[in-house]
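Presented below is the structure to which this report refers.
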Amino acid sequence: MNLLSLDHLAASYGATQALFDVSLTLGEGEVLALMGRNGMGKTTTVKTICRMLPMTAGRLSFSGQDLQGLASHQAARLGIGLVPEGRRCFGNLTVYENLIAAARKGAWDFEAVLRLFPQLEERKTQLAAVLSGGEQQMLAIGRALMTNPKLLILDEATEGLAPLVRQEIWASIAHLKRETGLAILVVDKSIKELSAIADKAVILERGASVWAASMAELTPEITAQYLGV
Ligand code: ATP
């Protein structure tokens, strides 16, 4: 059974329609790469899944439940954990407070997050605002894990980070795939790293899903056609 299912989904920012026809499915334990050039609707799709933006047509279900009409906190409670674009940690709270504020019962607790990101240990009493970009990204991932989600959504989690830090983030995502049964939806521009980790991919163009297949089927011709690389 699919954990997440989008069926001809449409969504608008007020009068501006941004999603026209997005369909995708994600099963438990699967990693899906959501791809597309700038402005094609990736973040909008993520916001719609997380119920931060109203859907105007289509169907959206998670864990067998229709998400239409649910608020973002209800989607989070059902098990959708978001690592938003731009990280959005609470700068005036400490690392510990950021993590504890998100906590829900389950295997992911403060200690488990520190095991995944040992760098945060020595930072735990510092304000999130003083962390490096990479540490803030680790905190944002840790915060989403603290909700003990069934699905983790990472929106541009490696954007703006130094190459070595990006590798650390990719390694942590690979670890999550390997060691947990978490389903993961990743939005990122690094095709090489996505190819190494994703089971399947969906490409968006102007608010519509135009290509969907296993990651192995993503040929250079397809990336040239839809991603411009
Ligand atoms: P990027 O890779 O640049 O983040 P994206 O694929 O995530 O791009 P979205 O941010 O989802 O693209 O944008 C999809 C479309 O929705 C774009 O045409 C964009 O201009 C529009 N859009 C995004 N945010 C808003 C907003 N707050 N109000 C109105 N239109 C918006």
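Just follow the structure's listing: the first ligand is 1, and inside any ligand the first atom is 1.
Distance screen at 4.0 Å: atom 5 (P) of ligand 1 has a protein heavy-atom neighbour inside the cut-off. Per-atom contact check: atom 25 (C) of ligand 1 touches the protein, criterion being a heavy-atom distance below 4.0 Å.
At least one N/O-N/O distance between T43 and ligand 1 falls below 3.5 Å. In terms of polar-atom proximity, defined here as any N/O pair under 3.5 Å, K42 does make such a contact with ligand 1.
Of the N and O atoms on the side chains of T43 and E85, at least one donor lies less than 3.5 Å from an acceptor on the other residue. A donor and an acceptor atom, one from each side chain of Q137 and E168, are nowhere located under 3.5 Å apart. No side-chain donor-acceptor contact under 3.5 Å links Q74 and R77.
Looking only at distances, no side-chain donor or acceptor of E121 sits under 3.5 Å from a matching main-chain atom of P118. With hydrogens and angles disregarded, no donor-acceptor distance shorter than 3.5 Å links the side chain of K200 to the backbone of A33.
When the options G36, G39, G14, A11 are ranked by their closest heavy atom to atom 15 (C) of ligand 1, first place goes to G39.
Side-chain contact between K47 and C50 is absent, with no heavy-atom pair separated by less than 4.5 Å.
Just one residue in the list L152, V46, D155 forms a side chain to side chain contact (heavy atoms under 4.5 Å, CB included) with V83, and that residue is L152. Among I153, T25, I49, the one residue that satisfies the side chain to side chain contact (heavy atoms under 4.5 Å, CB included) test with L4 is I49.
Summary of contacts: the protein heavy atom closest to atom 9 (P) of ligand 1 is T44 OG1, 3.5 Å. At the top of the distance list for atom 30 (N) of ligand 1, counting protein heavy atoms only, stands Y13 CD1, 3.4 Å.
For ligand 1 and E85, the ligand atoms under 4.0 Å from any heavy atom of the residue are 4 (O). Here is the list of ligand 1 atoms found below 4.0 Å of a heavy atom in M40: 5 (P), 6 (O), 12 (O). Per-residue contacts place E156 under 4.0 angstrom from the following atoms of ligand 1 (heavy atoms of the residue considered): 2 (O). Heavy-atom proximity to A18, at under 4.0 Å, picks out these atoms of ligand 1: 16 (O).
Contact annotation: R37 has at least one heavy atom less than 4.0 Å from an atom of ligand 1.
For R143 and F90, the positive end sits near the middle of the six-membered ring, less than 6.0 Å away and at most 45° from its axis.
If you look at K189 next to ligand 1, the close heavy atoms, those under 4.0 Å, all belong to the side chain.
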